[in-house]
Amino acid sequence: MPTPITALFLPFWLAAAQAPTALSQTTHPLIMSVMLLISLAVFGYLMNKRMRILFKMRHDASAFQQIGERTKRLLRFGLGQGRMMDKNEETIGFAHILIFTAFLVLSIRTLTIFAMAYGGFSFHFPLLGPDSLSGKLYLFLKDIVVILAFLGASYFLYLRLFKKPARMSESFEGVLIILFIQSLMVTEVMFEAGMVISGAIKDAHVGLSHPALSIGVGLFHLLGISGQTAYQAGAFGYWAHCSLLLVFLNFLPIGKHFHVITGLATVFFQRIRPNGQLPSPGIDFEEATEEDLERVGISNATRLSWKQALDTYSCTECGRCLTHCPTYITDKPLSHKGLNLTIREHLMKSADAILAGKIDTLPSMEPDVISQETVWSCTTCGWCESACPLFIEQVPRIIDLRRNDVLVRAEFPEEAVNVFKGMETQGNPWGVNAMERDKWTQETDIQIPTVDTNPNFEYLWYVGCAGAYDDRQKKVSIALAKILQAAGVNYAILGKKETCNGDTARRLGNEMLFQMLAKANIEQFEKHKVRKVFTHCPHCFNVIKNEYTQFGVSYETFHHSQLIAELIKDKRIQPNQDFHELVTYHDSCYMGRYNEVYDQPRHVLHSVPGLQVKELERNRKQSFCCGAGGGRMWLEEHTGERINHNRVKEIVQTGATTVATNCPFCLTMIRDGLNDLGAEDVKARDIAEIIADSLPSSPR
C-alpha cells in the first residue's frame with residue numbers, strides 16, 4: 001500500500017506549500033531532492049528482485065530476432081494501442097487509449113514539473129514555453145489530454161463500482177489506481193490555476209487555448225480564491241502531484257498495474273513466428289540424452305522462459321482472454337487470467353529460493369502450483385492470445401506443462417494412452433490398421449491417383465487420419481474427390497505411405513511422438529518432390545504449413561476451402577444446382593484465429609445458387625471453439641457444460657437448417673452436439689459436400 005510512502009513525503013510538501021515565495025526558491029530543490037532520492041531508492045529495491053528473477057529463467061533467444069519487425073509491432077500495438085479497439089471492445093478500448101495517450105503526452109509535462117523545483121514555477125524546456133508556437137500547441141494538447149484522461153478514468157470507475165462486468169475482478173487496488181489517475185489530473189490543474197491566479201506563472205492565457213487551465217481558474221474564482229491563498233493552493237497541488245506520481249511509481253511493481261512498466265517490453269518481445277506454430281523445445285529426440293529429456297517442458301518455476309515470466313508480470317487482468325474462452329465460459333477450472341496471476345504470485349513467493357539457486361526446494365509447477373485438470377482443460381483455440389492487448393502467450397506455456405507431464409512425469413489423462421499408442425504403431429489416433437489408410441478410395445467410382453500412379457502431380461492431397469478412417473469424414477473425402485475431378489486438378493495422395501501429421505501428439509504434450517510422425521511424412525514429401533500440399537483438415541493444414549518448417553522444409557500449403565474458392569474464381573468449377581436452405585458457418589479455430597482464413601469459405605458458400613448464409617453471433621475472430629482442439633477430441637469432459645453443447649445452442653438459435661464447417665473435428669463435435677440436444681433437424685456438413693452437391697449433374 002502507498003500510505004507509508006505518502007506519509008514519508010507529507011511533511012515535505014506541506015512545508016513547501018506553506019512556505020513564502022522567496023523561501024521556496026531555496027527549500028524546493030532540497031525537498032524535491034530528498035523526495036526523489038527516497039522514492040527512486042524504494043523503486044529500485046522493489047524492481048531489483050522482480051527483474052533478477054528473469055535472469056534465472058530459461059533463455060529464449062528467439063525474442064531477440066527480427067528487431068525491425070518487433071519495432072514495427074511495438075509502434076503499432078504498443079504505442080499505437082492497435083488491439084484496444086477490437087470488436088466489442090470499442091468503448092472500454094477508447095477509454096484506455098485516452099488514459100494511455102495522456103501519460104505519453106504528459107511525460108514531458110511530468111519532467112517539466114519536477115524540474116520546476118529547481119528552476120521555479122515558470123520554468124519550461126526550450127520550445128515548450130507559452131511564448132512559442134510549439135509551446136502553445138503542446139500546452140493546448142496537454143490540457144486536452146488532461147480532461148480526456150479524467151473522463152476515461154471516470155468511465156473505468158463507473159465500470160468497477162456500478163456496472164461490474166463479470167470478466168473484471170472486484171479489486172480495491174483497481175479503484176485506487178483510477179483515483180490515482182484522476183487525482184493526478186486534478187492536482188495538475190489545481191497547481192497551474194493557482195499559480196496563474198497568484199501571478200507566479202506569467203504569460204499563461206486563460207481561454208480556449210488552455211481548456212483545462214480555464215476550468216481550474218473558473219473554479220478558483222467561483223470559490224473566491226485569489227492572491228496568496230491561490231498560491232498556497234497551487235503549491236499544495238504541485239507537491240501533491242509530485243508525491244502522487246512518486247507513490248504511483250512505487251506502487252506499480254507490487255500491484256496489478258505492473259504492466260505499466262513491463263507492458264511495452266512484452267509487446268516488443270512478442271512471438272514473430274506464425275500464430276499456429278508452437279515453439280520447439282530445441283531437442284532432437286533421436287539424439288537426446290537422459291539429461292535432455294529431464295529438462296523437457298516446465299517442471300518448476302525456473303523452467304519457465306524469461307519471456308513466459310515477463311508475460312505474467314504484464315497481465316493487465318482486463319479479462320479479454322475470458323470473453324470467448326471455451327473453458328471459462330463452460331465452467332472449466334482454466335482461466336488464463338487466473339493462471340497468469342497464479343504463476344506471478346508463485347514467482348514472488350519463491351523469489352528468494354530462485355535467486356539463491358535452490359531449485360530442489362521449489363515445488364512442482366504441476367500439481368503443486370497448478371492443478372492437472374487446469375492444464376489439460378485447454379483446447380488451444382487461441383482466443384486468449386488473439387484477444388490480449390499485450391500479446392501474452394498462453395498456449396505454449398500450457399503445452400510446455402503437458403510436455404513435462406507426458407515425457408518426464410508420465411502423468412496424463414488415461415484416454416491419451418491409446419491415442420499415443422495408435423499413432424505410434426499404426427500412424428492414426430484410432431489405432432486402425434495402417435494398411436487400410438487408402439481403403440476409403442474403394443468406396444467411390446472416382447479413380448484417386450497416388451504418388452506412384454501419378455508421379456508428375458502438381459498437388460499432394462494430404463488426406464489425414466479423419467479423412468481416411470472416420471466413416472463420416474470419408475464422405476467429405478469423396479465429395480472433395482468429385483470437386484477435384486470436375487476441376488481437372490492434377491493431384492495425388494500418398495495412400496499407405498501417409499501417416500498422422502502429429503498435431504494431436506504435439507498438443508497433448510508428446511513432442512517425441514510428434515517429431516517421429518513429422519519426420520516420417522517429411523521423408524515421403526521429399527522423396528516424391530512435393531512442393532504444393534492441400535488438406536481438408538485445418539489441423540493438418542496448420543501443422544504442415546507452420547510447424548514442419550521447424551525441420552528445415554517448406555511447402556506451399558492450402559486448405560480445401562482455399563483451393564475450392566480458387567477453382568470457383570478461375571471458373572474451373574461452377575456450382576449451378578440450387579440449394580434453397582439457410583446455412584450458418586462455423587469458423588474453425590485453426591483456420592480462423594491461427595491462420596486468418598475467414599473469407600474464402602464464405603465465398604465458397606455464397607457461390608451456391610439460392611444458398612443464404614446467416615452469421616453466428618460469435619464469428620470470425622470471435623468464433624467459439626467446438627471443444628476438440630489441443631487433443632481434447634480424444635479426452636472426456638468431466639467438468640461444467642460441454643463446449644460443443646454451448647456452440648450448438650447458438651447454432652440452433654440462428655434458425656439455420658444446415659451448419660457448414662471446414663474441419664473434421666468441428667464437424668464431429670457439432671454433429672454430436674446436435675444429436676445430444678435433440679436438434680437432428682439441423683444438418684452438419686462440410687463445405688466440400690455442399691459444393692459437390694451443387695455441381696452440374698450431381699444428384700441431391
Side-chain angles (χ1 to χ4, degrees), residues 62-107 141 144-145 148-149 151-153 155-156 159 165 167-168 177 181 252 256-277 307-308 310-325 336-337 340 381-396 546 587 589 591-599 618-623:
S62 65
F64 295 94
Q65 298 170 355
Q66 297 180 261
I67 299 300
E69 178 62 25
R70 294 184 182 282
T71 303
K72 291 179 185 177
R73 296 191 183 193
L74 175 64
L75 293 174
R76 179 183 175 188
F77 297 106
L79 299 178
Q81 300 283 280
R83 274 192 174 178
M84 276 298 163
M85 298 290 285
D86 280 356
K87 183 181 177 182
N88 300 326
E89 300 289 348
E90 291 87 354
T91 304
I92 197 168
F94 183 65
H96 187 278
I97 289 173
L98 292 180
I99 295 173
F100 180 78
T101 302
F103 274 91
L104 290 181
V105 173
L106 293 175
S107 60
L141 180 60
I144 292 294
V145 299
L148 294 179
L151 294 175
Y155 175 70
F156 281 113
L159 287 180
R167 79 182 203 197
M168 191 177 288
I177 291 295
I181 294 170
L252 294 179
K256 60 179 287 183
H257 286 73
F258 197 14
H259 71 271
V260 175
I261 298 173
T262 62
L264 290 179
T266 300
V267 174
F268 179 81
F269 289 118
Q270 68 177 272
R271 66 163 173 239
I272 301 296
R273 66 181 186 276
N275 290 339
Q277 183 188 97
K307 173 58 169 56
Q308 289 171 333
L310 182 67
D311 281 349
T312 68
Y313 287 178
S314 298
C315 179
T316 69
E317 301 181 41
C318 66
R320 289 192 180 201
C321 58
L322 306 179
T323 56
H324 296 300
C325 173
H336 289 291
K337 179 177 80 169
N340 285 334
C381 76
W383 167 252
C384 52
E385 296 184 7
S386 67
C388 181
L390 297 179
F391 294 82
I392 290 173
E393 293 183 64
Q394 310 279 9
V395 174
N546 295 319
D587 288 281
C589 303
M591 284 307 297
R593 279 190 286 270
Y594 279 125
N595 289 285
E596 299 183 348
V597 176
Y598 298 113
D599 294 331
R618 295 175 291 189
N619 62 73
R620 293 182 176 263
K621 180 182 174 182
Q622 285 78 23
S623 181

Worksheet item: How would you list, by chain and number, every residue that makes a side-chain contact (heavy atoms from CB on, under 4.5 Å) with Thr91, sequence neighbours excluded?
Response: Tyr155
Response to the item:
Residue set satisfying side-chain contact (heavy atoms from CB on, under 4.5 Å) with Arg76, at least two apart, ordered chain then number -> none
Worksheet entry | Lys337 and Leu322: CA distance, side-chain angles, deciding distance, side-chain contact (heavy atoms from CB on, under 4.5 Å) verdict | CA-CA 8 Å; Lys337 179 177 80 169; Leu322 306 179; 4.2 Å; yes
Worksheet entry | salt bridge (Lys or Arg N to Asp or Glu O under 4.0 Å) involving Arg73 - partner list, sequence neighbours excluded | Glu69
Worksheet entry | side-chain contact (heavy atoms from CB on, under 4.5 Å) assessment of Val267 paired with Leu79 | CA-CA 10 Å; Val267 174; Leu79 299 178; over 6 Å; no
Discussion item. Check this for me: does any side-chain nitrogen of one of Lys621 and Glu89 sit under 4.0 Å from a carboxylate oxygen of the other?
Written reply: no
Worksheet item: Passes side-chain contact (heavy atoms from CB on, under 4.5 Å), Asn88 versus Thr323? Steps please.
Response: CA-CA 10 Å; Asn88 300 326; Thr323 56; over 6 Å; no
Worksheet item: Which word best sums up how the rings of Tyr313 and Phe258 line up, parallel for under 30°, tilted for 30 to 60°, or perpendicular for over 60°?
Response: tilted
Item to complete: Please name all residues satisfying side-chain contact (heavy atoms from CB on, under 4.5 Å) with Val260, sequence neighbours left out, ordered by chain then number.
Response: Leu252, His257
Using a 3.5 Å cut-off and no angle test, enumerate the donor-acceptor pairs between side-chain atoms of residues 385-392 and protein atoms at least two apart in sequence or in another chain.
from: Glu385; atom 1: OE1; to: Arg271; atom 2: NH1; distance (Å): 2.5
from: Glu385; atom 1: OE1; to: Arg271; atom 2: NH2; distance (Å): 2.7
from: Glu385; atom 1: OE2; to: Gln394; atom 2: N; distance (Å): 3.0
from: Glu385; atom 1: OE2; to: Val395; atom 2: N; distance (Å): 2.7
from: Ser386; atom 1: OG; to: Gly382; atom 2: O; distance (Å): 3.4
from: Ser386; atom 1: OG; to: Trp383; atom 2: O; distance (Å): 3.0

Worksheet item: Taking only residues two or more places apart in sequence or in another chain, which ones pass ring pair (Phe, Tyr, Trp, His ring centres under 6.0 Å) with His96?
Response: none
Item to complete: Look at atom CD of Glu90 and say whether more than 12 heavy atoms of other residues, nucleotides or ligands are closer to it than 6.0 Å.
Response: yes
Item to complete: Apply side-chain contact (heavy atoms from CB on, under 4.5 Å) to Phe94 and Met84, showing your working.
Response: CA-CA 7 Å; Phe94 183 65; Met84 276 298 163; over 6 Å; no
